[in-house]
*Asks:* 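What follows is a single structure, and I will ask about it in a moment.
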Amino acid sequence: MPLRQVTVKAPATTANLGPGFDVFGLALQRPNDKVKLTLVPEGVKIVVSGLSAAASATQPEKSPAGIVANHMLREFSLEAGVKIEIERCIFPSVGLGSSAASAAAVAYGLNHLCNLGLDNRELIRLAAKGEVASAGSEHADNVAAAICGHFVIVKSYKPLEIVNLKSPPNMEVCVAFPHIPASVNKTRKARSVVPKLIRIDQLVHNVGKAAVVASGFATGDVDMIGKSMLDAVVEPARAFLIPGYLQVRENALRAGACGVAISGAGPAIIAVANNKKVDTAKVAAAMKEGFGSAGFEATAFATKPGGGVSIVEME
Ligand code: HSE
């Protein structure tokens, strides 16, 4: 019997990890979105429930899920349509890869439903098309992490090449974001402040730090990862967009985190900690307090790196 319906679980992701702008991505164990795909005779229909459902784009050409679905139906000449039901648990517009999760889930789910036989690299290429809806560019760091799980390095965009490494078992990621109204086109705005040209000393700094972050994943050394999550280019240019940025950073480090970075385009901030040495609930609480000192309520929690998209139900 051919499949008619699949439900895919897709993880939140954090991108950049300091020096790896558009290159590093990390999948988180939670939160996850659930995306149910049902084959229908024609067209793409999107229904969103859960967090910020009312504010979510459901026109296929404006939503990451719809863009990916339309693209795949066309590219593979599929004589069908798809209904996409997104149950959103990943806080949207905070820098935790909510659009990447839907895009990755659609690419992965349609691949199964229609027996396309695509590999991860192809799925990432297709899912990255969905990022244009929110970011204005096909950056692949979040979608690659959502598909592969754990740590990814986008080694090259043309051609698309990805390196995927497991995370150290004692690594935790504390996440905090302020409750500020999501600005329209938040990611596009955060990308518009990224410098177009950089100095050679900034290049030297970022290449060194990025190499050590990657070495930390390769050798399973959480302190090495955290201590090199330092960016001399993008993060300094974006910090002003995040109220309490400096205080959150300082509080997390004081509570024992080994490194802090803006999560993707923000405003979420992540702190990496070694759970053998540090109480990560305290790090998360300290980050929340940091936003509080700037006058903002915040959500904060600790999680671990996790796996990529998976099928949770099919019929
Ligand atoms: N690398 C991207 C950025 C991630 O920082 O703009 C956006 O989610």
Side-chain angles (χ1 to χ4, degrees), residues 10-28 31 33 52 56-57 63-65 67-68 88 90-105 107 124-125 127-148 151-158 160-163 173 175-178 180 182-196 198 202 206 209-210 213-214 229-242 245 259-270 305 308:
T13 50
T14 180
N16 303 340
L17 281 83
F21 178 69
D22 281 2
V23 169
F24 290 165
L26 182 71
L28 302 177
D33 279 357
S52 297
S56 300
S63 103
I67 291 173
V68 175
R88 182 157 287 141
I90 304 173
F91 322 94
S93 299
V94 301
L96 290 174
S98 141
S99 40
S102 337
I124 294 163
R125 174 184 70 79
K129 303 208 171 291
E131 292 288 34
V132 177
S134 57
S137 76
E138 290 184 21
H139 66 90
D141 41 3
N142 291 95
V143 289
I147 284 175
C148 300
F151 179 62
V152 293
I153 304 171
V154 184
K155 178 187 158 201
S156 124
Y157 274 84
K158 285 185 183 161
L160 185 65
E161 289 184 84
I162 309 290
V163 174
V173 182
V175 179
F177 59 87
I180 45 179
S183 69
V184 182
N185 289 329
K186 182 264 315 176
T187 304
R188 274 173 211 258
K189 278 185 198 151
R191 291 179 78 81
S192 73
V193 303
V194 173
K196 305 283 176 288
I198 64 164
Q202 294 171 304
N206 272 30
K209 298 293 180 281
V213 169
M229 288 192 344
L230 294 164
D231 174 21
V233 177
V234 178
E235 195 149 326
R238 283 179 168 173
F240 81 97
L241 296 167
I242 304 175
Y245 167 82
V260 182
I262 298 176
S263 183
I269 295 181
I270 56 157

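As the structure is a prediction and not an experimental result, all values here were calculated from the model. We count ligands from 1, going down the list as the structure has it; atoms in each ligand are counted the same way. Values reported hereafter were calculated over all heavy atoms of this structure, with side chains retained and with hydrogens, waters and symmetry mates removed.
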*Asks:* With sequence neighbours left out, what residues match T14 under side chain to side chain donor-acceptor pair (under 3.5 Å)?
*Replies:*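 For T14, the residues satisfying side chain to side chain donor-acceptor pair (under 3.5 Å) (neighbours in sequence not counted) are S263.
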*Asks:* Stepwise, does the side-chain contact (heavy atoms from CB on, under 4.5 Å) test hold for L26 with L17?
*Replies:* CA-CA 8 Å; L26 182 71; L17 281 83; 4.0 Å; yes
*Asks:* Does the side chain of N206 come under 3.5 Å of the side chain of D231 through a donor N or O and an acceptor N or O?
*Replies:* yes
*Asks:* Please enumerate all residues that pass side chain to side chain contact (heavy atoms under 4.5 Å, CB included) together with S192, with sequence neighbours excluded.
*Replies:* none
*Asks:* Could you tell me which residues satisfy side chain to side chain contact (heavy atoms under 4.5 Å, CB included) with I180, sequence neighbours excluded, listed by chain and number?
*Replies:* P178, P243, P267, F296
*Asks:* Any protein N or O within less than 3.5 Å of an N or O in ligand 1? List each pair with its distance, or say none.
*Replies:*
from: ligand 1; atom 1: 1 (N); to: N16; atom 2: OD1; distance (Å): 2.9
from: ligand 1; atom 1: 1 (N); to: D22; atom 2: OD1; distance (Å): 2.6
from: ligand 1; atom 1: 1 (N); to: D141; atom 2: OD2; distance (Å): 2.6
from: ligand 1; atom 1: 5 (O); to: N16; atom 2: ND2; distance (Å): 2.7
from: ligand 1; atom 1: 5 (O); to: R238; atom 2: NH1; distance (Å): 2.8
from: ligand 1; atom 1: 5 (O); to: R238; atom 2: NH2; distance (Å): 3.4
from: ligand 1; atom 1: 6 (O); to: R191; atom 2: NH1; distance (Å): 2.7
from: ligand 1; atom 1: 6 (O); to: R238; atom 2: NH2; distance (Å): 2.9
from: ligand 1; atom 1: 8 (O); to: N142; atom 2: OD1; distance (Å): 3.1

*Asks:* Using distance alone, with no hydrogens and no angle criterion, decide if S56 and R88 have a side-chain donor and acceptor under 3.5 Å apart.
*Replies:*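 Yes, R88 and S56 have a side-chain donor paired with an acceptor closer than 3.5 Å.
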